[in-house]
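Structure, as structure tokens:
The first residue in the sequence is number 1, and the count goes up from there.
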Amino acid sequence: MIEKILYGLTGCLSNLFNYSVYTNNVNQKLRPPCFLVELINSDTKNYLGLRHDCINAFDIIHFSNDKKEILYAVGEKLTVGMEWITLSDKSKLHGTNMHYEIIDGVLHFFVNYNLGVNLILPDENEKMKDLEYGGVNLDSNS
């Protein structure tokens, strides 16, 4: 699930900007201007039945040597451009709680992408089939 969101995030960033986009820690290999996408937190909110919301908070970090005015423009472009992302299965996902701040000359753009999930429980009649131990089939139906 997170991989699908990262796919959508990196694709959207690539369409908005002509910068490198990283999703893993790259230590000293960053070449500004570039983006680093980090998952800050993933939380699950349970509802009645099998419905859940998966709340995924991301920090999109923009490294550059630009002045604050340029960073503000990048933040505003991200606010508009990251509202909807396209996942790997071509579905769209809406960004919420978007805001940005500049800390020590680095732009941090925060956004949540939430997914509704319906859990599918295994059928109770579907027991372990073809379970073998020591060459003997332990399936109760055989």
Side-chain angles (χ1 to χ4, degrees), residues 1-134 137-142:
M1 174 172 48
I2 298 298
E3 294 83 19
K4 284 183 180 183
I5 298 173
L6 283 172
Y7 174 90
L9 271 170
T10 57
C12 190
L13 285 171
S14 294
N15 288 336
L16 289 172
F17 300 93
N18 191 21
Y19 301 150
S20 297
V21 180
Y22 301 96
T23 57
N24 297 321
N25 289 338
V26 288
N27 300 326
Q28 303 298 320
K29 298 177 190 174
L30 289 174
R31 290 193 180 138
C34 65
F35 289 101
L36 173 63
V37 179
E38 291 188 338
L39 176 66
I40 299 172
N41 187 17
S42 185
D43 192 16
T44 303
K45 187 182 274 188
N46 299 328
Y47 296 103
L48 288 175
L50 302 176
R51 293 181 332 149
H52 300 319
D53 272 345
C54 295
I55 302 162
N56 304 293
F58 289 90
D59 182 5
I60 300 172
I61 305 165
H62 175 61
F63 296 96
S64 75
N65 299 321
D66 293 327
K67 296 179 181 178
K68 277 192 177 182
E69 293 79 16
I70 303 294
L71 295 178
Y72 293 142
V74 171
E76 291 171 8
K77 189 172 182 178
L78 287 169
T79 300
V80 173
M82 299 302 292
E83 185 173 2
W84 291 96
I85 61 172
T86 304
L87 304 181
S88 57
D89 64 1
K90 304 300 181 211
S91 62
K92 301 269 187 189
L93 194 57
H94 186 250
T96 61
N97 297 332
M98 291 186 279
H99 63 282
Y100 65 90
E101 58 187 79
I102 298 170
I103 303 169
D104 295 330
V106 176
L107 175 73
H108 292 263
F109 180 80
F110 302 96
V111 60
N112 290 1
Y113 289 103
N114 307 331
L115 284 173
V117 177
N118 289 322
L119 295 181
I120 300 172
L121 296 178
D123 183 7
E124 288 192 27
N125 294 327
E126 286 275 329
K127 304 292 182 199
M128 296 173 108
K129 295 192 176 183
D130 299 326
L131 181 63
E132 289 188 16
Y133 179 75
N137 189 336
L138 300 177
D139 184 9
S140 59
N141 296 329
S142 38

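- Between Tyr113 and Ile55, every side-chain heavy-atom pair lies at or beyond the 4.5 Å cut-off.
- Between Phe35 and Phe17, the two ring planes are tilted [angle within 30° to 60°].
- Looking at Leu115 and Ile5, their side chains come closer than 4.5 Å, going by heavy atoms from C-beta outward.
- Atom CD1 of Ile85 is separated from atom OG1 of Thr10 by 8.5 Å, given to the nearest 0.5 angstrom.
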Exercise. Going through the checks in order, is the side chain to side chain contact (heavy atoms under 4.5 Å, CB included) test met by Phe109 and Asp59?
Worked result: CA-CA 6 Å; Phe109 180 80; Asp59 182 5; 5.6 Å; no
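- If you take CG on Leu93 and CE on Met82, they are separated by 10.5 Å, rounding to the nearest 0.5 Å.
- For residues 88-111, the set of pairs meeting the salt bridge (Lys or Arg N to Asp or Glu O under 4.0 Å) definition, not counting sequence neighbours, comprises Lys4-Asp89.
- Note that CG of Leu107 is 8.0 Å distant from OG of Ser64, once rounded to the nearest 0.5 Å.
- Although no hydrogens or angles enter the test, the distance criterion places no donor-acceptor pair under 3.5 Å between the side chain of Asn97 and the main chain of Asn112.
- Nearest heavy atom pair, residue Ser14 against residue Val21, reads OG-CG2, 4.1 Å.
- Aromatic pair His62/Tyr19: centroids less than 6.0 angstrom apart.
- With values rounded to the nearest 0.5 angstrom, Asn56 atom CG is found 9.0 Å from Leu6 atom CG.
- Judged by distance alone, with hydrogens and angles left aside, the side-chain atoms of Lys45 form no donor-acceptor pair with the main-chain N or O of His52 at under 3.5 Å.
- We find the SG-CG distance between Cys12 and Leu87 to be 11.0 Å, quoted to the nearest 0.5 Å.
- In terms of modelled atom types and a separation under 3.5 Å, the side chain of Thr79 and the main chain of Gly75 share a donor-acceptor contact.
- Inter-residue side-chain proximity for His108 and Tyr100 is flagged as unmet; no heavy-atom pair is nearer than 4.5 Å.
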For this session: Begin from the C-alpha positions of Phe58 and Val37 and carry the test side chain to side chain contact (heavy atoms under 4.5 Å, CB included) through to its verdict.
Result: CA-CA 7 Å; Phe58 289 90; Val37 179; 4.0 Å; yes
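- Leu36 pairs in a side chain to side chain contact (heavy atoms under 4.5 Å, CB included) with only one of the listed residues (Ile61, Thr23, Ile60), which is Ile61.
- Rounding to the nearest 0.5 angstrom, the gap separating the CG atom in Asn24 from the CD atom in Glu38 is 10.0 Å.
- Counting heavy atoms from C-beta outward, Thr44 and Asp53 have side chains that stay 4.5 Å or more apart.
- Minimum interatomic distance between Pro32 and Asn65 (heavy atoms only, all atoms of both residues): CB-ND2, 4.5 Å.
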